[in-house]
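The next block holds one structure in the form of structure tokens; read it before the comments.
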Amino acid sequence: MAEYRPSVIEPKWQRIWEEKDYYKTDESGRKKYYVLEMFPYPSGRLHMGHMRVYSIGDVLARFLRMRGYSVLHPMGWDAFGLPAENAAIEHQVHPATWTYKNIETMKKQQKMLGISYDWEREVTTCNPEYYKWTQWLFLLLYHRGLAYKKKAAVNWCPRCATVLANEQVEDGACWRCGEEVTVKDLEQWFFRITDYAERLLDDLKLLDGWPERVRIMQENWIGKSTGAEIIFTVQGSGEEIPVFTTRPDTLFGVTYMVLAAEHPLVEKLTAGTPREAEVRAFVEKTRKQTEIARSSMETEKEGIFTGAYCINPANGEAVPILVGNYVLMGYGTGAVMGVPAHDERDFAFAKKYNLPVRVVIQPPGMPEGTVELTEAYTGDGVLINSGRFNGMPNTEAKEAIVAYLAERKQGSPKVTYRLRDWLISRQRYWGTPIPIVYCDRCGVVPVPVEQLPVILPDDVVFKVGGQSPLAEHADFVHTSCPQCGGEARRETDTMDTFIDSSWYYFRYTDPHNTSAPFDREKADTWVPVDQYIGGIEHAILHLLYSRFITKVLHDAGLTAAVEPFTRLLAQGMVNKDGAKMSKSKGNVVSPDEIIAKYGADTGRLFILFAAPPEKDLDWSDRGVEGCFRFLKRVWRLVDRYADTVQSKCAGNEPDEADLALRRAFHAALKKVTEDIEERFNFNTAISAIMEAVNAAYSYQNTKGDNINASVMGEVLELLVLMLAPFAPHLGEEMWERLGKTGSVHMQSWPRYDPDALQVNEVEIVVQVNGKLRGRLMVPAGLDAEAMQKMALEDERILQHTTGKQIVKVIAVPGKLVNLVVR
RNA sequence: GCCGAAGUGGCGGAACUGGCAGACGCACUUGACUCAAAAUCAAGCGGGCCUUGCGCCCAUGCGGGUUCGACUCCCGCCUUCGGCACCA
């Protein structure tokens, strides 16, 4: 008997798959299914997280092909990014060289895992054939008024020497390197994602195939809040200060106004006054506080009086204007009305600076004015101290007061979002050049589409801490104006790599198109992606950007899709010994090691068996051994009977043991099918196959050499077909061993035989007062009444019922009888 | 602080619609095979109690509730993890 040797059979089948081009996308127009795993950054070598996500995707792709779908299952490379540039600086190797070498290595590893990709559709974002269309996309946004340049206070990572989008700052630190982010005033390119805020929020409703937590995270990130903009006027000068509030009903309770340190009016209000120096000192101190300190609840709320007053449009009262460190210029209008009685922050602030507190919402059931507030009351109630609105429930007053203000042009309903525009320029070399030219005569000029791509030059100098190498590349910078032909300078910033990855799933549908990013008809055939699989770390970043870009493409008439990903699986992490794998902890296990020791099939099987896909998984060397043992068990079983089942044609009439074996395999098939298709529970699917194999072993033990060859032939065929998506190489080898022709992966997924599941007798449970007291074998399909009778007559049950009164009997056919006694 | 997810044997996990808690795997124990070991095959494996019986009691983070019946539903709490957080 030959031994199971993955190191021999795996390369064998990988070679055959490649030669026969099995995984080329079938475009015959059957029902389609687009399975996509997030494409990787080519960092060097695959890690276990990659192995997990590809294993999940591949099982699905292989299963769905067997189910008769045309499956699109492509792979590519998110190949621009900082690590390549850092490697260039450290090791004096060009980012392109470094990147392409990594791609080669990782692609080889993916092939060794036996993943069924259509490699003809491979895309690489740093290839000019790809980034040409990323530039084209930029121009599309530019011409639609969705790309603009402005000077703004932006997040700057000193270590990466570049700016970052808001989504890319986590807890005040750079998402990539963890360095504390500072603020810089810079002229930068933005995408107007805020124009799409409402649709991005609204269409979350369409994504019921996404995990709820991801939808909630996006909802929080977009951060819609509904309220009003109210205009206060500066006493004396008549300057207007608009404020945003969600509580216009508390307008009569305003006792002060606070401006952000960056608010333009601060300078105007204090210039030339005795308070100028003090206020300026405060502003400077505040602006020096880091982003972390300023946005932390721990930081003491501080403010300073400007000396000026403004008029509350509701009651004409003058209230003092302060500058405060807790007011953010980037949200709302950069000015806040202070209502200490009904806002916790305002309350604390007012107590600290002895500002008056005026109650305007009366809590229900509390007599007016009798209680001194010890904390802000933020609940609902009836208005008091609010002139003509007294007595009105505050929920009504919200609208009524805004309507009143609107009539006088002193306010209007307003919706604000936390989401900011997407800052997309990066002061780095290894990215897609922004196709813009600056001309002294014509100003900002987009590069015409015919002149794309703007090629990233190879011959640049990398140094530590300098500005972008592009800015120092004279030949790149100097160009002529596409409009007037005069001398001009190129934009030297490159695009955020999240733009590259925001549309790649469209490119897969038409990867070699040289006249457009993709053909609409081809894109509409496949997009939206039916099942997207990737890490939860992209819950906001990549997934939000991709949704935005899809909507832009839709609006431009380039795709019918309004959302890119119908279903999303956020796969869990792969840990070891309860902790994230890391070099410093010395607990790293690599896919290479596993392939070398056990083969790809064992590794894939274990990674799917150890936990459901969305949960974190703890790597266990022992557990892998177990899966290896299981595959060897399968191998031996098939090997032992392969010849027998082929030589015998006429089988005997099946006996009870034969029927039980058939039942075991058809039940497993039913479960495997449902677990993959409906629940994505690969772990329980695999355990069902294991159970069936165990049943085959005990059948072998009972029957010895007298097995029923035709039944054995049937179940072995089912076994190989069921296992094939999980262990594709072993599947092929066993299929061949059984004397079958063609690839096992090109077979139809088998259907279970309902007759095989039939049983004559079923075991039911008898409970007394809900406690298990006995089991009975009863004929299948026995009705409730008969079951009840049998239960009551059972000797063991009588021990628990004698001398007691039977109050009630519950009988569930096929399941149980419960006797309630007293 | 707010939002969300999770908590089940020594371990990973299962129990899908309220109906046998612990499938499957790991670890462990025992037996067979062997000169021996490995591999393999077979059996056992939540805790407690005794009267050793297809016995009884306890047990799914804790405390209540609904129900004939709760890992599952409801209320309150604890712990862990994740996200957001001066957002006006």
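The shown structure was predicted, so the numbers you read here are calculated from the model rather than taken from an experiment. Just so we're on the same page: letters track the sequence lines, and every chain starts at 1.
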* Looking at every strand, decide which applies to A:S620 at a 4.0 Å heavy-atom threshold: base, sugar-phosphate, or nothing. => nothing
* **Whole-Å C1' distance, B:A70 and B:G19** => 10 Å
* Asked: When we call it a touch if two heavy atoms are under 4.0 Å apart, what does A:L816 touch: a base, just sugar-phosphate, or nothing?
  -> base
* Structure fact -> Separation between CG (A:N166) and CH2 (A:W221), nearest 0.5 Å, reads 6.0 Å
* Does the gap between the ring centers of A:F349 and A:Y326 come in under 6.0 Å? -> yes
* For RNA chain B, whose closest nucleotide is more 5', that of A:A335 or that of A:N769? -> A:N769
* Asked: When we call it a touch if two heavy atoms are under 4.0 Å apart, what does A:D346 touch: a base, just sugar-phosphate, or nothing?
  -> nothing
* **Donor-acceptor pair present, A:N220 side chain and B:C84 base, under 3.5 Å** => no
* Asked: B:G65 and B:G69: how far apart are their C1' atoms, nearest whole angstrom?
  -> 15 Å
* **Structure string for RNA chain B in dot-bracket form, Watson-Crick and G-U at under 3.5 Å, | interchain** => (((((((..(((......[....))).(((((.......))))).(((((..).))))..(((((..]....))))))))))))....
* Within the structure shown, what part of the strands sits under 4.0 Å from A:R629 by heavy-atom distance: base, sugar-phosphate, or nothing? -> sugar-phosphate
* Asked: Does B:A88 have OP1 or OP2 sitting under 4.0 Å from an N or O in the side chain of A:S225?
  -> yes
* How about A:E219 and A:K224: do any of their side-chain heavy atoms sit closer than 4.5 Å? -> no
* So what does A:P612 hit on the nucleic acid, given a heavy-atom distance under 4.0 Å: a base, only sugar-phosphate, or nothing? -> sugar-phosphate
* Checking all strands, does A:G223 fall into the base, sugar-phosphate, or nothing category for heavy-atom contacts under 4.0 angstrom? -> nothing
* Would you call the rings of A:F682 and A:F680 parallel, tilted or perpendicular, where under 30° means parallel and over 60° means perpendicular? -> tilted
Which pairs would a plain distance check flag for residues 240-251 of chain A, meaning a side-chain donor or acceptor within less than 3.5 Å of a matching protein atom at least two apart in sequence or in another chain?
residue : atom : partner : partner atom : Å
A:T245  : OG1  : A:R247  : N            : 2.9
A:R247  : NE   : A:D249  : OD1          : 3.1
A:R247  : NE   : A:D249  : OD2          : 3.3
A:R247  : NH1  : A:T378  : O            : 3.4
A:R247  : NH2  : A:D249  : OD2          : 3.0
A:D249  : OD2  : A:N394  : ND2          : 3.0
A:T250  : OG1  : A:R247  : O            : 2.8

* Would you mind checking if A:K670 and A:E674 are paired as a salt bridge, meaning a charged N to carboxylate O distance below 4.0 Å? => yes
* Asked: Any idea which of B:A88, B:C68, B:G13 is nearest the A:A611 side chain?
  -> B:G13
* Asked: Hey, does A:V820 reach any base, or is it just sugar-phosphate, or nothing, if we go heavy atoms under 4.0 Å?
  -> sugar-phosphate
* To do: Give one of base, sugar-phosphate or nothing for A:E678, where a contact means two heavy atoms less than 4.0 Å apart.
  => nothing
* **Sequence-aligned protein contact record of nucleotides 42-60 of chain B, with B where the base is within under 4.0 Å of a protein heavy atom and S where only the sugar-phosphate is** => S-----------SSSSS--
* To do: Report which part of the nucleic acid A:E691 touches: base, sugar-phosphate, or nothing (heavy-atom distance under 4.0 Å, all strands).
  => sugar-phosphate
* Indicate, with a heavy-atom threshold strictly under 4.0 Å, whether A:K671 touches base, sugar-phosphate, or nothing. => base
* What distance, rounded to whole Å, do you find between the two C1' atoms, one in B:G64 and one in B:G12? -> 33 Å
* **Separation of the C1' atoms in B:A5 and B:C56, to the nearest angstrom** => 39 Å
* **B:G31 to B:C16 separation - C1' atoms, rounded to the nearest Å** => 38 Å
* To do: Determine whether any donor atom in the side chain of A:K301 lies under 3.5 Å from an acceptor atom in the base of B:C86, or the reverse, and answer yes or no.
  => yes
* Parallel, tilted or perpendicular: which describes the rings of A:Y4 and A:W635, with under 30° parallel and over 60° perpendicular? -> tilted
* Please check the phosphate of B:C16 (OP1 and OP2 only) for any side-chain N or O of A:R679 closer than 4.0 Å. => no
* Does A:R345 have a side-chain nitrogen or oxygen under 4.0 Å from the phosphate oxygens OP1 or OP2 of B:A85? -> no
* **B:C24 OP1/OP2 closer than 4.0 Å to side-chain N/O of A:N683** => no
* **P atoms of B:C45 and B:A36, separation to the nearest Å** => 28 Å
* To do: Determine the Euclidean distance between corresponding P atoms of B:C84 and B:G76; express it in Å to zero decimal places.
  => 27 Å
* Under the rule syn = chi within 90° of 0, otherwise anti, which is B:G25? -> anti
* To do: Map A:D343 and A:G770 onto RNA chain B by nearest heavy atom, then report which one ends up closer to the 5' terminus.
  => A:G770
